[in-house]
Structure formats: structure tokens, C-alpha cells
Amino acid sequence: MNEQQWLEELLKVNGEDVKLSEKQVKILEAAIEMFAEKGYAATSTSEIAKKAGVAEGTIFRHYKTKKDLLLAIVTPTLFKSVAPFLAKEFVKEVFENQYQSYEDFIRTLLKNRYEFVKKYIPAIRVFWQEIAFHAEIKEQFQRIFTVHVYEKFKRIVEHFQAKGEIAAIPIDSVIRMTITAIAGFLMTRFIVLPDSEWDDEAEMERTVQVLMHGLAKK
């Protein structure tokens with residue numbers, strides 16, 4: 001997949017095609033690379049323009065401010081990583097399946113998000129680095145999770161608690177622990193220790209098993 005296809009696919013929401021000019025592709029590609037490497041605060045628009053091979057004024061013709069440029073990258077990344085069912089293919093694959101167990105659900109969710117992060121790691125790195133520093137990003141995250149994710153997740157947990165497969169602890173705790181386990185694996189795998197020797201399939205399965213059964217020796 002070339003750079004333009006990669007970016008256009010990332011920016012696509014609800015199946016709507018996004019067409020980028022050659023200069024926009026260069027600007028976004030340069031911004032993603034530099035934000036990921038140096039961080040948003042330490043990167044200037046002049047540096048992005050130089051790396052993209054365009055005049056600094058060209059950036060501001062497409063994006064009014066540096067923050068707008070950041071949000072152009074982060075917003076679609078946020079929607080697709082936090083609210084995967086906003087895209088039809090993710091709804092069908094993750095949240096509309098009939099699972100035999102909660103374990104099957106989290107295994108599907110983990111593998112789905114693993115493939116997404118692996119494919120879009122530069123933009124994901126920018127998102128993870130910057131969410132703590134920008135109120136706009138945190139607010140979007142909270143809004144998307146509350147409006148689109150929480151109720152779907154809650155229904156799945158309630159279903160398997162009613163079947164006696166999940167401990168009768170608060171639903172919010174189950175959701176938090178599930179998200180923490182999945183996000184923790186993905187962040188360690190792709191951000192913290194990307195160059196370690198990983199057996200991804202085995203490590204994902206260990207993550208599922210520890211989440212379901214804890215660390216106690218059987």
C-alpha cells in the first residue's frame with residue numbers, strides 16, 4: 001500500500017472516500033512522522049513544510065493552525081481505534097457477532113485492534129503521545145466512548161455475567177480491565193518494546209488467558 005492509499009484509507013470514515021492532493025499527502029505524511037518522532041510541541045510547521053517539500057504557507061492553506069493539522073491526523077485515528085464499529089466492517093466483525101463466551105469476544109477484539117495498530121502505527125503513536133496534552137482529543141475520546149462504545153460493551157458483559165461466565169463485579173470494572181489488558185499489550189508491543197522478540201499469537205493468547213483466569217497457578 002503506497003503512502004497516499006495508506007492516508008486516504010485512514011481518513012475514510014463510514015466508507016466515505018477522502019481524496020487528498022499530492023501536497024496534502026506529503027504534509028500529512030511529514031506531520032505524522034515528525035509528531036511521532038519529536039512530539040507535537042517540539043515540531044514546528046516550518047520543519048514539517050521542509051520535510052514535505054512544500055512552502056510553509058501551503059500548510060496553512062489546507063490547515064489553519066498546527067493544532068488543526070494534528071487533529072486532522074488524530075480524529076480519524078481516534079474514531080477508528082476507539083470506536084471501531086463506526087465502520088461497517090468492524091461492526092459486523094466485532095460487536096455484532098454471537099459469541100459463545102466472553103473469552104471469544106475479547107480474543108476477537110484483541111486480534112482486530114492488533115491488526116489495526118500494526119497497519120497504522122505512525123498515526124497511532126501520535127494519538128497515544130498527544131492525548132494526555134490536548135483537551136480536544138481527550139474530550140473526543142470520552143464522547144466517542146460514552147456515546148458509541150460503552151452501551152455495546154455493557155450489553156456484552158451483562159450477557160456473560162448472566163450466564164455465570166464473568167464474576168459478579170461492577171460492569172465498569174470488567175470493561176476497564178478488558179480495555180487495560182488489550183491497550184497494555186498493544187502499547188508495549190508497538191510503542192514501548194517494538195524491537196523485542198515477539199511471538200504475537202502466543203502473547204495475545206496469554207493476554208486473553210490472564211484476563212480471563214488471572215495469574216494463579218492452576
Peer 1: For E151, does the CD atom have more than 12 heavy-atom neighbours from other residues, nucleotides or ligands under 6.0 Å away?
Peer 2: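 More than 12 heavy atoms, drawn from other residues, nucleotides or ligands, come within 6.0 Å of this atom.
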Peer 1: Ion pair present between R206 and E203, side-chain N to carboxylate O less than 4.0 angstrom?
Peer 2: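 Judged by the 4.0 Å cut-off on N to carboxylate O distance, R206 and E203 do form a salt bridge.
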Peer 1: When you look at F35 and Q129, which way does the side chain to side chain contact (heavy atoms under 4.5 Å, CB included) test go after all the steps?
Peer 2: CA-CA 9 Å; F35 288 161; Q129 286 175 181; 5.6 Å; no
Peer 1: Would a 4.5 Å heavy-atom cut-off, applied to side chains only, mark L70 and V126 as touching?
Peer 2: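 A side-chain contact exists here, since the closest heavy-atom pair is under 4.5 Å.
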Peer 1: Side chains of M177 and I169: closer than 4.5 Å at any heavy-atom pair?
Peer 2: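 Result yes, sub-4.5 Å side-chain heavy-atom pair found.
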Peer 1: Under 3.5 Å, is there a donor-acceptor pair linking the side chains of E56 and T45?
Peer 2: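 The answer is yes; a qualifying pair exists.
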Peer 1: Please indicate whether K66 has more than 12 foreign heavy atoms, meaning atoms of other residues, nucleotides or ligands, lying under 6.0 Å from its NZ.
Peer 2: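 Check passes, neighbour count above 12.
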Peer 1: Below 4.5 Å, heavy atoms only, C-beta onward: do I121 and I191 meet side chain to side chain?
Peer 2: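 Of all side-chain heavy-atom pairs linking I191 with I121, at least one is under 4.5 Å.
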Peer 1: Can you get from F133 to L69 by hopping between Ile, Leu, Val, Met, Phe, Trp and Tyr side chains that sit under 4.5 Å apart?
Peer 2: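 Each belongs to a different hydrophobic cluster.
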Peer 1: For residues P122 and A36, report the shortest heavy-atom separation together with the two atoms involved.
Peer 2: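 Looking at all heavy atoms of both residues, the shortest contact is O-CB, 4.1 Å.
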Peer 1: Under 4.5 Å between any side-chain heavy atoms of Y63 and L28, yes or no?
Peer 2: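 Yes - at least one pair of side-chain heavy atoms lies under 4.5 Å apart.
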Peer 1: Distance check, rounded to the nearest 0.5 Å: I166 atom CD1 versus E103 atom CD?
Peer 2: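 So the CD1 of I166 and the CD of E103 are separated by 11.0 Å.
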Peer 1: Closer than 4.0 angstrom, basic N to acidic O: yes or no for E22 and K26?
Peer 2: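 Judged by the 4.0 Å cut-off on N to carboxylate O distance, E22 and K26 do form a salt bridge.
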Peer 1: For the atom pair CZ (R155) and CD1 (I171), what is the distance rounded to the nearest 0.5 Å?
Peer 2: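 The CD1 atom of I171 is 11.5 Å from CZ of R155, to the nearest 0.5 Å.
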Peer 1: For L110 and F185, work out which heavy atoms get closest and say how close.
Peer 2: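 Between these two residues, the closest heavy atoms are CD1-CD2, 3.8 Å.
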Peer 1: Can a donor-acceptor pair be found, under 3.5 Å and without considering hydrogens, that links the side chain of Q24 to the backbone of H62?
Peer 2: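 No, because the side chain of Q24 does not come within donor-acceptor range (under 3.5 Å) of the backbone of H62.
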Peer 1: Using 0.5 Å steps for rounding, measure from the CD1 atom of I106 to the CZ atom of R113.
Peer 2: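 It comes to 15.5 Å.
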Peer 1: Can you tell me how far apart CZ (R189) and CG (D200) are? Round to the nearest 0.5 Å.
Peer 2: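 Spacing of CZ (R189) from CG (D200) equals 4.0 Å.
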Peer 1: Is the Y150-F153 ring centre distance short of 6.0 angstrom?
Peer 2: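 Y150 vs F153: aromatic centres not under 6.0 Å.
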Peer 1: Would you say the side chain of T188 lies within less than 4.5 Å of the side chain of W198, judging by non-hydrogen atoms?
Peer 2: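 Yes, at least one pair of side-chain atoms sits under 4.5 Å.
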Peer 1: Do the non-hydrogen side-chain atoms of R107 and Q209 ever get within less than 4.5 Å of each other?
Peer 2: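 Touching, per the 4.5 Å side-chain cut-off.
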Peer 1: Do F127 and V192 share a hydrophobic cluster, counting only Ile, Leu, Val, Met, Phe, Trp and Tyr and linking them when any side-chain heavy atoms are less than 4.5 Å apart?
Peer 2: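 They do share one cluster, since a chain of ILVMFWY contacts under 4.5 Å joins F127 to V192.
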Peer 1: Roughly how far, to the nearest 0.5 Å, is the CD atom of E47 from the NZ atom of K38?
Peer 2: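 Those atoms lie 3.5 Å apart.
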Peer 1: Answer yes or no: are there more than 12 heavy-atom neighbours, outside K50 itself, under 6.0 Å from its atom NZ?
Peer 2: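 No, NZ of K50 has 12 or fewer neighbouring heavy atoms, counting only those of other groups under 6.0 Å.
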Peer 1: V25, F60: one ILVMFWY side-chain cluster at the under-4.5 Å cut-off?
Peer 2: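 No, it is not one cluster - the side chains of V25 and F60 are not joined through contacts under 4.5 Å.
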Peer 1: Just to verify, what does H159 make a side chain to side chain contact (heavy atoms under 4.5 Å, CB included) with, not counting sequence neighbours?
Peer 2: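 If we apply the side chain to side chain contact (heavy atoms under 4.5 Å, CB included) test to H159, skipping adjacent residues, the hits are K163.
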Peer 1: Might you point out which heavy atoms bring T207 and A181 nearest each other, and give the distance in Å?
Peer 2: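 Closest approach of T207 to A181, heavy atoms only: CG2-O, 3.8 Å.
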Peer 1: Q100 and E165: which non-hydrogen atoms are nearest, and at how many Å?
Peer 2: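 In terms of heavy atoms, the two residues are closest at O-OE2, 3.5 Å.
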Peer 1: Report yes if the side chains of I124 and F190 come closer than 4.5 Å at any heavy-atom pair, otherwise no.
Peer 2: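 No, every pair of side-chain atoms sits at 4.5 Å or beyond.
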Peer 1: Got a second to check how far F160's CZ is from Y102's OH, nearest 0.5 Å?
Peer 2: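 F160 CZ to Y102 OH: 9.5 Å, rounded to 0.5 Å.
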Peer 1: What is the minimum heavy-atom distance between L211 and T178, and which atoms define it?
Peer 2: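 So the two residues come closest at CD2-CA, 3.8 Å.
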Peer 1: Taking the side chain as every heavy atom from C-beta outward, state whether W128 and L186 have any atom pair closer than 4.5 Å.
Peer 2: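 Result yes, sub-4.5 Å side-chain heavy-atom pair found.
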